[in-house]
Amino acid sequence: MKKVSNILFIILFVLVYQFTFSQEKKTITVVYGGTYTKNEVKYPGASIFAKDGTRQVQFEHQGGELWCDLAIYNQKKNSVRAFGNVRFQQGDSLKMTSKKLDYDGNLKLAIARENVTLRNSQMTLQTDSLFFDRTIQEAFYETFGTVRDSINVLTSEKGRYLLETKKYQFVSDVIITNPDYVLESAQLDYYTSTKHAYMYGPSTITGKDYVTYCERGFYDTQDENGYFVKNSRIDYNNRIIYGDSLYFDKFENFASATNNIKVIDTINKGVVKGHYAEVFKQKDSVFITKRAVAINVIEKDSLYIHGDTLMVTGPPENRIIRGFRNVKLFKKDLSGKCDSIHVNQKTGLTQLIGQPLGLLGDEMPLLERKKKSPVLWNGTNQMTGDSIHLISNVKTEKLDSLKVLNNAFIVEKDSLSTNGYNQVKGKDLYGKFIDNELKIVDVIKNTEVIYYMYNDDQKLIGIDKTICSAINMTFEESGIEDITFITNPDGDIFPEKDLPPNARKLAGFIWRDGEMIRSKEDLFDEDDNSIELVKIRGVDNPIDIEAEELERQKNELDQVPVKKNASKSKKAERKE
């Protein structure tokens, strides 16, 4: 019984194989032959058919139809060579015309030459030579081709069209020409039904008011939006945006960036860095967070501003930089800390703003209030007040002046004593910079001073403790060099032994040396340095393009009910 079963299985296998083989080898059928001749010398074993009047020669093979003026048909080889006004059609979906065509019925391979045009309902391909493999439903060319659809013209040296997925794979010098932009790429996949383009290698999109570059990316050529990874860059609204991953939407006037971001202000020459950014063209603004830092050049010396969140807003001639929460700034010989910051690049005014005190601010202890106030360090000098203003000369790009408004307080650690501090306090402080160094300071209204005085041998003479209406100070190498009391000074120089430690500090004294920013690295705290960057697909690993496109198409279909008209693109909606 087992032997009989084996024999039946073998017979069945042979029959199935023969049936499959015969199906694959199905002979080309002559539908209309026109006039018939033979030329055994030139075409041995072949039949020659020519059109009869206006009716062309016609063949059929497994759902494909072929028309031509002249045909060399070899039944034994199951092949046709067609000449003159050649037309090939596969169902209602695909039509191809050329001057010449070779068709192999065994391989189901058509090779069209000279003025080749391939058409379906969505696009037209023109090239000089085209191979069409009907078995795998792919057409490809290597002699330059042009594809046209409803909105784009695409050209490339080499290309392949996959009929089942309605996708082109373009290779070498790919160019998409659209009325609103030009896309150039080393290699590109293009879906004719969705107008989606997937770019590989160096790729540039040049629009009327933007330029993008990437080495891996996606672009919706109809709605003009997409993402870009690998050395990506967008030139947009007087800004250059770099990032590991960039997103761009022309019609929403929006761009965003993720990981290792750098936004360059090409007009004001400022730079903003971080790990997430959003750019709004209509509002002319940039929002950036995750280790955010703004860098502005002040006469060849960079001023760094860090905050949990930074915003750069306004047109180039009136640009504003704002920083929020845990703001720190650093420049050579100058650093600061505050709750928020406001920089007006038109006027050159930088405002350091303290933490809000809330409804119970008046009841808060003095030292607690001082800890919430902004602080500025000029070399070894610490300056605090309710608000601090730095003013730059917008023409020379140098620091010009300083204002500390309300509760101004200067502290300098005395370099020769163990626990001595030079201190000056008053209502307001006004300082003057010369060559970007703080040189002159005036403190006015209810001024108090504690100052350690030394002779030429650096021996302590005593501690000056004075009250007066105003004080003028000069600085050298970021340290207090001289103090001049103005208007009715009242005080004395006390020997160190006659002035107890608790009398050597003015009311409101606080030493915030532990908060001082001594380098660019000090701008960032542990939370900033421990940020885990999101993993971006396509940077290090390849992407399954077919799966991504199917997901994208599904998402678009899911959104159809909420659109005003699902058949219209963003561009069409805006032109109405």
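Keep in mind that this is a model prediction, so the values were computed, not measured.
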Contact summary for K346 and V394, nearest pair of heavy atoms: O-CG1, 3.3 Å

With a 3.5 Å distance limit and no angle check, can you tell me whether N455 reaches the backbone of K459 through a side-chain donor-acceptor pair? yes

Just do the side chain to side chain contact (heavy atoms under 4.5 Å, CB included) check on W377 and D513 with the steps written out, would you? CA-CA 9 Å; W377 292 276; D513 183 67; 5.7 Å; no

Is there a side-chain contact between F254 and V279 in this structure, where contact means two heavy atoms from C-beta onward sitting under 4.5 Å apart? no

Take atom CG of N260 as the centre, draw a 6.0 Å sphere, and report whether it contains more than 12 heavy atoms from other residues, nucleotides or ligands. yes

Do D220 and K195 pass the salt bridge (Lys or Arg N to Asp or Glu O under 4.0 Å) test, and can you show the C-alpha distance, the side-chain angles, and the key distance before you say yes or no? CA-CA 6 Å; D220 184 329; K195 311 296 189 291; over 6 Å; no

Do D428 and V443 come close enough that some side-chain heavy atom pair is under 4.5 Å? no

Taking N378 for the side chain and N381 for the main chain, is one N or O donor matched with an acceptor at less than 3.5 Å? no

Mark yes or no for whether Q382, through its side chain, and F409, through its backbone, hold a donor-acceptor pair below 3.5 Å. no

Could you tell me whether a side-chain N or O of D498 sits under 3.5 Å from a main-chain N or O of F494, the two making a donor and an acceptor? no

Counting distance only, does the side-chain N/O of E437 pair as donor-acceptor with the main-chain N or O of F475 below 3.5 Å? no

Do Y210 and E224 have side chains that approach each other closer than 4.5 Å (heavy atoms only, starting at C-beta)? yes

Quick one: list whatever passes ring pair (Phe, Tyr, Trp, His ring centres under 6.0 Å) with F287, sequence neighbours left out. none

Which heavy atom in L438 sits nearest to a heavy atom in F433, and how many Å separate them? N-CD2, 3.3 Å

Quick test of your reading: applying salt bridge (charged side-chain N to carboxylate O under 4.0 Å, His left out), list the pairs with at least one residue in residues 442-454, sequence neighbours left out, ordered by first then second residue. none

So, do F228 and F248 have ring centers that fall under 6.0 Å from each other? no

Is a donor on one side and an acceptor on the other found under 3.5 Å between the side chain of N393 and the backbone of K395? yes

As a quick check of understanding, evaluate side chain to side chain contact (heavy atoms under 4.5 Å, CB included) for K465 and D492, giving each step before the final call. CA-CA 6 Å; K465 190 170 183 180; D492 203 350; over 6 Å; no

Verify whether the ring centers belonging to F524 and H306 lie closer than 6.0 Å. yes

Trace of the side-chain hydrogen bond (donor to acceptor under 3.5 Å, both in side chains) decision for Q345 with N296: CA-CA 10 Å; Q345 294 186 331; N296 291 291; 3.0 Å; yes

Main chain of G201, side chain of S203: is a donor-acceptor contact present, judged purely on distance under 3.5 Å? yes

Kindly say whether the aromatic ring centers of Y247 and Y227 come within a distance under 6.0 Å. no

Is a side-chain donor or acceptor of K230 paired with a backbone partner of G217 at a separation under 3.5 angstrom? no

For residues I240 and R233, determine if any side-chain heavy atom of one lies less than 4.5 Å from a side-chain heavy atom of the other. yes

For H275 and I261, the nearest pair of non-hydrogen atoms, with its separation, is C-CD1, 3.1 Å

Please work out which of the three classes, parallel, tilted or perpendicular, describes the rings of Y219 and Y181, given edges at 30° and 60°. perpendicular

Closest approach of S232 to G243 (non-hydrogen atoms, all atoms of both residues): OG-O, 2.5 Å

Begin with the C-alpha distance, continue with both residues' side-chain angles, and end with the deciding distance and a verdict on salt bridge (Lys or Arg N to Asp or Glu O under 4.0 Å) for D435 and K398. CA-CA 7 Å; D435 293 330; K398 293 182 179 182; 3.4 Å; yes

Could you walk me through whether E496 and R504 pass salt bridge (Lys or Arg N to Asp or Glu O under 4.0 Å), step by step? CA-CA 10 Å; E496 185 176 17; R504 299 177 191 178; 3.8 Å; yes

With distance as the sole test, does D223 use its side chain to make a donor-acceptor pair with the main-chain N or O of N225 at under 3.5 Å? no

Counting only heavy atoms not in K520 (residues, nucleotides, ligands), do more than 12 fall under 6.0 Å from its NZ? no

Do the side-chain N and O atoms of Y451 and D414 include a donor-acceptor pair separated by under 3.5 angstrom? no

NZ (K281) with more than 12 external heavy atoms under 6.0 Å: yes

Does any donor atom in the side chain of R322 or T313 lie under 3.5 Å from an acceptor atom in the other side chain? yes

For the residue pair D400 / S392, report whether a side-chain donor-acceptor contact shorter than 3.5 Å exists. no

Sequence neighbours excluded, the answer for side chain to side chain donor-acceptor pair (under 3.5 Å) partners of R291 is N529

With no hydrogens and no angle check, just 3.5 Å: does a side-chain donor-acceptor pair link N422 and E412? yes

pair I176-E184: side-chain heavy atoms closer than 4.5 Å: no

With under 30° as parallel and over 60° as perpendicular, where do the rings of Y198 and Y191 fit, or are they tilted in between? perpendicular

Is the closest side-chain donor-acceptor distance between N152 and Q222 under 3.5 Å? no

Is any side-chain heavy atom of L416 closer than 4.5 Å to one of Q458? yes

Any non-hydrogen side-chain atom of L183 less than 4.5 Å from a side-chain atom of I175? no

Main-chain N/O of N326 paired with D308 side-chain donor or acceptor, under 3.5 Å: no

Check whether more than 12 heavy atoms from other residues, nucleotides or ligands sit under 6.0 Å from atom NZ of K439, and answer yes or no. yes

Check this for me: K250, atom NZ, are more than 12 non-hydrogen atoms of other residues, nucleotides or ligands nearer than 6.0 Å? yes

Smallest separation among heavy atoms of S256 and Y276, with atom names: CB-OH, 4.3 Å

More than 12 heavy atoms of other groups within 6.0 Å of Q282 CD: no

Can you see whether Y242 has K262 sitting over its ring - NZ or CZ less than 6.0 Å from the centre and within 45° of the normal? yes

Can I341 and I305 be said to form a side chain to side chain contact (heavy atoms under 4.5 Å, CB included), step by step? CA-CA 9 Å; I341 196 168; I305 300 173; 3.9 Å; yes

Run the side-chain hydrogen bond (donor to acceptor under 3.5 Å, both in side chains) test on R518 and S335 for me, step by step, so that the C-alpha distance in whole Å, both residues' side-chain angles and the decisive distance to 0.1 Å come before the verdict. CA-CA 8 Å; R518 293 176 170 82; S335 62; over 6 Å; no

Working for side chain to side chain contact (heavy atoms under 4.5 Å, CB included), residues L352 and L376: CA-CA 9 Å; L352 283 67; L376 191 70; 4.2 Å; yes

Heavy-atom check, side chain of L310 versus side chain of V272, under 4.5 Å: yes

